[in-house]
Every structure is written in C-alpha cells, then in structure tokens.
Number of protein chains: 2
Amino acid sequence: MEQESRELRRVGLKVTHPRMRILQLFEEDGERHFTAEDIYKRLLADQEDIGLATVYRVLTQFEAAGILIKHNFEGGQAVYELDRGRHHDHMIDVDTGKVIEFVSEEIERLQREIAAKHGYVLEDHSLVLYVRAKRPK
Amino acid sequence: MEQESRELRRVGLKVTHPRMRILQLFEEDGERHFTAEDIYKRLLADQEDIGLATVYRVLTQFEAAGILIKHNFEGGQAVYELDRGRHHDHMIDVDTGKVIEFVSEEIERLQREIAAKHGYVLEDHSLVLYVRAKRPK
DNA sequence: ATCAGTGCAAAAGGTTTGCAACCGA
DNA sequence: TCGGTTGCAAACCTTTTGCACTGAT
C-alpha cells in the first residue's frame with residue numbers, strides 16, 4: 001500500500017485508484033504474467049469499476065515508466081510482468097501455457113558476439129523457448 | 001512456373017492463379033520476408049486482381065503445408081518467409097527494419113540444455129536480436 | 001477552478017469468416 | 001460437373017482514441 005504509492009510517485013505518476021490496484025496485482029505473490037484482459041477480469045471479480053481502456057492506459061504508462069516489461073509472445077495478446085531489474089528470458093509450456101523464467105549468461109554473450117560479428121550492437125532481444133514436459137502428465 | 005506447380009501439387013493444393021503468383025513472389029530473388037500486405041500490394045502493382053483475404057488464406061495454407069514459416073516479430077504484422085529447411089534466427093536493424101538471418105549451433109544447443117535442465121523438451125523457439133549498426137550512417 | 005485521470009463508446013489495425021459466384025481437375 | 005477456391009463485405013479481436021465527466025488539489 002505504502003510501498004506502491006511511493007513507487008508511483010517515484011516515477012512521476014499520480015496515485016490513483018486504478019493505478020494502485022493494478023500495481024498491487026503485479027506485486028502480489030503468485031502469477032507474474034498478465035494480459036490486459038487478465039487484469040481487467042480480476043478487477044471485475046473484485047467488484048472494481050475500472051474500464052478496459054484504463055487498464056491499457058495504465059499498462060502503457062507503467063511500461064514507459066520502467067515498472068513493467070511488455071512481451072509479445074504468440075497469440076495476439078501482449079503480456080506484462082514487473083521489471084524486477086533482473087533480465088531473464090522465457091520458456092512456455094505449450095501444453096499448459098505455464099511461463100517459466102530462466103537466465104543464461106552464455107546465451108546473452110553469444111548474442112552480443114553474433115551481433116558484433118555482423119557489424120552491429122545488440123540493443124535488445126526476444127528469446128522464447130516453447131517446451132513440453134518430458135514425462136507428460 | 002513448372003517448379004511452383006509441382007510444389008503445390010506435392011503438398012496437395014490445387015494449382016490456382018493466386019497460389020502460383022504468391023509462391024513465385026517468395027521464390028524470386030531479393031526480398032525474403034513479406035507481410036500479407038506487402039504481398040497484396042505487390043500483386044496490385046502487377047495488375048493482379050487478388051483480394052487481401054485470399055492472400056491471408058493462401059499464406060495460412062502454405063504455412064500449414066510447411067512451405068512457409070510465419071514469424072510474429074514486433075509491430076503487429078506477421079512476417080512470412082520460405083521454409084528452405086535450414087533453420088535460422090533473425091536479427092533486425094532497428095533503424096532500417098532490415099532483416100538479417102543467422103545460425104548459431106551453440107545457442108541452439110544451449111537452448112536444448114536449458115529446457116532439459118528444467119525437465120522439458122524443446123519443441124520450438126523464437127529468437128530475435130534487435131540491433132543497431134556500429135557506425136551509424 | 002483547474003487539469004490530469006477515467007469510463008464509455010467508437011475507431012483503428014490486422015486477420016478471419018460467411019456467402020454467392022467462379023473456376024479448374 | 002461440382003466441390004474447392006475466390007472476392008467482397010462484414011465480423012472479429014486486441015488495442016487506441018475522442019470526449020464529456022469526475023475528482024483531487
């Protein structure tokens with residue numbers, strides 16, 4: 001509560017009800033990756049009267065402020081997660097949709113090398129592994 | 001011409017005018033990566049009377065048939081390229097939009113290792129490097 | 001009183017689909 | 001012939017935008 005409003009002020013955004021509720025959602029334990037609609041539905045379920053357009057606007061502002069990272073995984077809907085400062089990539093279980101985070105310093109290094117080899121500097125990258133459990137449930 | 005109709009029959013698709021023209025576009029030298037709209041505009045410029053919906057339908061069929069690969073790079077529009085059987089990843093020059101292909105057996109191996117380490121088998125992956133020329137023009 | 005922030009509805013952008021006409025094996 | 005294919009328009013889905021209203025300073 002206190003923490004969230006400090007966070008909002010820190011990035012220069014007014015502390016409003018929709019912003020607080022959405023930020024809290026991301027900072028709760030449990031799910032870390034949400035689409036705009038996920039958030040909209042959760043708020044609806046909590047009796048909140050927050051429009052979908054507002055959800056989109058807040059997500060965009062949070063992304064611009066560096067609070068959230070936006071991912072364009074397959075499937076049309078953008079997915080957002082808190083930017084906790086530790087870069088990582090994602091693995092998606094194609095059967096369950098579960099998102100697993102991972103870090104590989106070696107892959108990061110290879111990417112920079114490959115870009116350099118072609119005369120470029122790496123600005124950003126997107127790596128998603130689509131995986132299936134070894135022993136299907 | 002002959003080659004294209006054989007290709008179409010091989011994958012079990014009737015040889016029709018729209019399918020031929022679109023397949024030819026991909027097999028021409030030069031550009032390898034097209035959006036549906038790129039194709040639609042090229043066909044228009046060639047006086048072809050092929051609807052955008054048909055372009056989408058043909059692209060979807062070609063993808064299902066394994067002739068094309070579909071990429072969901074950032075920016076809303078899906079990009080298609082011929083599946084020449086040699087897997088590769090992509091680098092995109094963020095200034096010019098240019099697409100560069102590359103292969104890194106080492107990254108491929110690391111990806112499989114990471115998936116395995118988490119108890120999964122790698123089914124597919126998507127890797128895109130966003131790069132900027134070392135010495136800006 | 002002011003002005004950012006909000007909800008709603010409409011618009012936008014990319015892609016898909018229903019349908020009647022058409023065409024290729 | 002006749003079922004697959006196509007063009008057109010309408011529908012769809014996600015995201016953005018216009019606008020009048022609200023609410024905090």
Side-chain angles (χ1 to χ4, degrees), chain A residues 4-5 7-25 33-65 67-80 97, chain B residues 1-2 4-25 33-44 46-65 67-80 97:
Chain A
E4 283 90 347
S5 38
E7 176 85 358
L8 287 176
R9 277 189 287 263
R10 184 178 66 77
V11 300
L13 288 172
K14 272 192 189 166
V15 177
T16 66
H17 186 63
R19 287 176 185 155
M20 285 294 282
R21 297 298 283 106
I22 291 174
L23 185 50
Q24 284 168 1
L25 250 184
H33 302 82
F34 298 99
T35 65
E37 190 147 18
D38 290 339
I39 292 170
Y40 178 63
K41 284 193 188 141
R42 293 228 180 188
L43 295 176
L44 270 192
D46 281 358
Q47 319 288 335
E48 295 286 356
D49 188 26
I50 297 178
L52 182 55
T54 298
V55 173
Y56 274 105
R57 277 187 287 237
V58 171
L59 290 175
T60 304
Q61 294 159 351
F62 283 7
E63 190 200 359
I67 296 178
L68 296 181
I69 302 176
K70 178 183 186 174
H71 298 289
N72 296 291
F73 298 156
E74 329 247 305
Q77 250 139 312
V79 173
Y80 291 83
Chain B
M1 186 74 220
E2 252 320 297
E4 284 89 348
S5 38
R6 236 180 294 120
E7 176 84 359
L8 288 176
R9 276 189 288 263
R10 184 178 66 77
V11 300
L13 289 172
K14 270 192 191 170
V15 177
T16 65
H17 185 64
R19 287 177 184 155
M20 284 293 283
R21 297 297 284 106
I22 292 175
L23 185 50
Q24 284 168 1
L25 250 184
H33 302 83
F34 297 99
T35 65
E37 191 146 18
D38 289 339
I39 292 169
Y40 178 63
K41 285 194 187 140
R42 294 227 179 189
L43 295 175
L44 272 192
D46 280 359
Q47 318 289 335
E48 296 287 357
D49 187 27
I50 297 177
L52 182 55
T54 298
V55 173
Y56 275 106
R57 276 186 289 234
V58 170
L59 290 176
T60 303
Q61 293 159 349
F62 283 7
E63 191 200 358
I67 296 177
L68 296 180
I69 302 176
K70 178 183 188 175
H71 298 288
N72 296 291
F73 298 155
E74 328 248 303
Q77 249 139 312
V79 173
Y80 291 83

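Below, chains carry the letters A, B, ... as their sequence lines are ordered, and counting in each starts from 1.
The outermost nucleotides of DNA chain C lying under 4.0 Å from heavy atoms of chain A, listed 5' to 3', are C:dA4 to C:dA9.
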One pair to check against side chain to side chain contact (heavy atoms under 4.5 Å, CB included): B:K70 and B:N72. What are the steps and the verdict?
CA-CA 7 Å; B:K70 178 183 188 175; B:N72 296 291; 4.0 Å; yes
Let's go through B:R57 and B:T60 carefully: what are the C-alpha distance in whole Å and the side-chain angles of both, what is the deciding distance for side chain to side chain contact (heavy atoms under 4.5 Å, CB included) to 0.1 Å, and is it a yes or a no?
CA-CA 5 Å; B:R57 276 186 289 234; B:T60 303; 5.8 Å; no
After noting the C-alpha distance and the side-chain angles of A:I22 and A:Y40, does the key distance pass the side chain to side chain contact (heavy atoms under 4.5 Å, CB included) rule?
CA-CA 9 Å; A:I22 291 174; A:Y40 178 63; over 6 Å; no
Check against side chain to side chain contact (heavy atoms under 4.5 Å, CB included), B:M20 and B:L8
CA-CA 8 Å; B:M20 284 293 283; B:L8 288 176; 3.8 Å; yes
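With the nearest nucleotide of DNA chain D identified for both A:V79 and B:G12, B:G12 has the one nearer the 5' end. Nucleotides of DNA chain C nearest to B:Y80 and B:T16 differ in position, and the one nearer the 5' end is that of B:Y80.
Put simply, CG on A:N72 is 12 Å from C1' on D:dT15, counting in whole angstrom units. At whole-Å resolution of the value, CG in B:L43 and P in D:dT6 are 12 Å apart. Taking atom NZ of residue A:K70 and atom P of nucleotide D:dT14, one finds them 14 Å apart after rounding to whole Å.
Applying the salt bridge (Lys or Arg N to Asp or Glu O under 4.0 Å) rule to pairs touching residues 8-23 of chain B yields B:E7-B:R10, B:R21-B:D46, B:R21-B:E48, sequence neighbours excluded.
Separating the CG atom in B:L68 from the CZ atom in B:F34 is a distance of 10.5 Å, to the nearest 0.5 Å. Rounded to the nearest 0.5 angstrom, B:L13 CG and B:I67 CD1 are separated by 6.0 Å. Once rounded to the nearest 0.5 Å, the distance linking CZ of B:R42 with CG of B:D38 reads 7.0 Å.
Residues of residues 45-63 of chain A that place a heavy atom closer than 4.0 Å to DNA chain D, in numerical order, are A:L52, A:A53, A:Y56, A:R57.
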